[in-house]
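Remarks on the structure that follows.
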Amino acid sequence: MKNQTITVRPLSAHTGAEITGVDLAQPLSDQTYLEIRETFNQWGAIFFRDQDITPTQQLEFARRFGNVTPDDYASNLPLVDGYEELKEIVRKPDDPRNVGGFWHMDKCFMPDPDMASLLYAKELPPYGGDTMFAHLGAAFDALSPGLQATLETLSTVLIKSRAYGDGGTPAPGVTAEGYAEALEKFAGIEATHPAVARHPETGRKVLFVGPVYSDRFAGWTREESLPLLDYLSGILTRPEHTCRFRWEEGSLAMWDNRAVAHYALDDYPGHRRSMHRVTIQGPWLEPTSAAA
Ligand code: SIN
């Protein structure tokens, strides 16, 4: 009997847990919802397998957690036909690169990023295409008290177009024209967030620094910022701070953009992968001190 009690199986010490005993095509009781929400808060990324759900059921599940967000900025993601709030994350066999093939938190370059993202597998390649997650709280905990205290005084500037290139050099898989277009199309899409913030539901401090979108610390130059940003990215993505999710038909993943960064592996050239993504608004990270 589904939707009575959930079973939770962690994937690693810091992040990722598979939940069984849930049928997302059926309405969830308040108790089951609360247990899922607690697991989501604890692990930052949760996974369900063998789900057979429609786009409407995916949206209904997402709405238990908060308002789902329409495509409210100039993203390149196509919408699923007939659904304003459902985006298709697709890599076609001849695409030069996938979507999200680098460590990031969704929409971290916006002033009000989405709390969570919910991805449902529609078409999978015969191999590869896993998604990795890294815990921002584990990264913060791994730093020395001295560096933690310094970072609590800093903010980071995160820039959307960084995903397409840096300092005039296009990112791998991006042409010079594609980079120029992105610079024009995404001009001004950026935000400043505290480098360390408190998770509003767990109270845990997290390191909100993404390797690609983080351009610099506010008030610092890019050149000054890069060594420290690179160091922090290395801590965040230490294998022990991550988990890796292997998708199967019917898999659904939900992650907390306030607690984890994620990385969609691009290791299935010549094959197609298609997912449906919903993003959810909710209470955002809180500053911990007077960040610059
Ligand atoms: C994303 O970055 O939101 C996409 C993740 C994935 O396709 O696995």
Side-chain angles (χ1 to χ4, degrees), residues 11 15-16 18 40 44-49 51 58-59 62 65 68-80 83 85-93 95-110 113-136 158 160-164 171-174 182 186 189 208 210-214 233 236-237 242-269 271-281:
L11 266 64
T15 185
E18 280 196 27
F40 169 75
I46 54 174
F47 311 109
F48 302 86
R49 294 199 182 273
Q51 302 295 322
Q58 185 178 353
L59 286 166
F65 292 82
V68 303
T69 49
D71 199 20
D72 53 359
Y73 75 106
S75 100
N76 279 340
L77 303 177
L79 292 178
V80 174
Y83 295 90
E85 299 123 331
L86 209 53
K87 287 136 219 162
E88 188 186 16
I89 308 278
V90 62
R91 186 201 202 286
K92 299 193 255 349
D95 280 348
R97 68 172 189 166
N98 69 345
V99 175
F102 50 90
W103 287 105
H104 65 287
M105 293 76 78
D106 287 330
K107 293 208 211 154
C108 57
F109 44 78
M110 302 289 282
D114 294 318
M115 166 188 95
S117 307
L118 211 153
L119 199 67
Y120 180 51
K122 296 298 291 179
E123 264 183 87
L124 293 170
Y127 49 79
D130 296 358
T131 307
M132 294 189 69
F133 298 86
H135 204 281
L136 305 172
L158 301 112
K160 162 78 182 160
S161 59
R162 276 271 171 261
Y164 295 82
V174 180
F186 301 128
I189 301 189
F208 197 73
V212 168
Y213 289 125
S214 297
S233 298
L236 170 64
T237 61
T242 71
C243 75
R244 177 167 175 155
F245 183 62
R246 172 90 195 117
W247 295 90
E248 292 169 342
E249 199 182 319
S251 297
L252 182 140
M254 179 174 174
W255 61 86
D256 185 342
N257 289 306
R258 307 163 302 180
V260 294
H262 60 284
Y263 185 126
L265 271 79
D266 194 5
D267 55 356
Y268 50 97
H271 297 287
R272 186 181 161 92
R273 178 180 184 270
S274 164
M275 321 292 267
H276 284 183
R277 193 181 82 178
V278 189
T279 46
I280 306 168
Q281 282 273 320

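Atoms within a ligand are numbered from 1 in the order they appear, just like the ligands themselves. In what follows, every heavy atom counts, from backbone to side chain, and hydrogens, waters and symmetry copies are set aside. Model, not experiment: these values are computed from the prediction.
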Ligand 1 atoms nearer than 4.0 angstrom to some heavy atom of Leu119 are 5 (C), 6 (C), 7 (O), 8 (O)
What part of Trp255 sits under 4.0 Å from ligand 1 if we count only heavy atoms: the side chain, the backbone, both or neither? side chain
Cation-aromatic face contact Arg244/Phe47, 6.0 Å, 45 degrees: no
With heavy atoms of Ala264 as the reference, note each atom of ligand 1 found under 4.0 Å away. 5 (C), 6 (C), 7 (O), 8 (O)
Listed partners of Ala259 passing side chain to side chain contact (heavy atoms under 4.5 Å, CB included), at least two apart: His135, His199, Asp256
For Val80, all residues meeting side chain to side chain contact (heavy atoms under 4.5 Å, CB included), sequence neighbours excluded: Tyr83, Leu86, Glu88, His276
Close side-chain approach of Tyr268 and Leu124, heavy atoms under 4.5 Å: no
Would you tell me which option among Met275, His104, Arg91 has the nearest heavy-atom contact to atom 2 (O) of ligand 1? His104
Tell me, do Met110 and Ile189 make a side-chain contact under 4.5 Å, heavy atoms counted? yes
Taking only heavy atoms of Arg273 into account, list the atoms of ligand 1 that are under 4.0 Å away from them. 6 (C), 7 (O), 8 (O)
Out of all atoms in ligand 1, which are within 4.0 Å of some heavy atom of Gly100? Include the element for each. 2 (O)
Check ligand 1 against His262 and write out every atom of the ligand that is under 4.0 Å from a heavy-atom position of the residue. 1 (C), 2 (O), 3 (O)
Can you check whether Asn98's main-chain N or O pairs, donor with acceptor, with Asp266's side chain at less than 3.5 Å? yes
List the closest protein heavy-atom neighbour of atom 8 (O) of ligand 1: residue, atom name, distance to the nearest 0.1 Å. Thr131 OG1, 2.6 Å
Do any nitrogen or oxygen atoms of Arg277 come within less than 3.5 Å of a nitrogen or oxygen of ligand 1? yes
Keeping Thr15 on the side-chain end and Gly44 on the backbone end, is there a donor-acceptor pair under 3.5 Å? no
Against heavy atoms of Ile89, which atoms of ligand 1 measure under 4.0 Å? 7 (O)
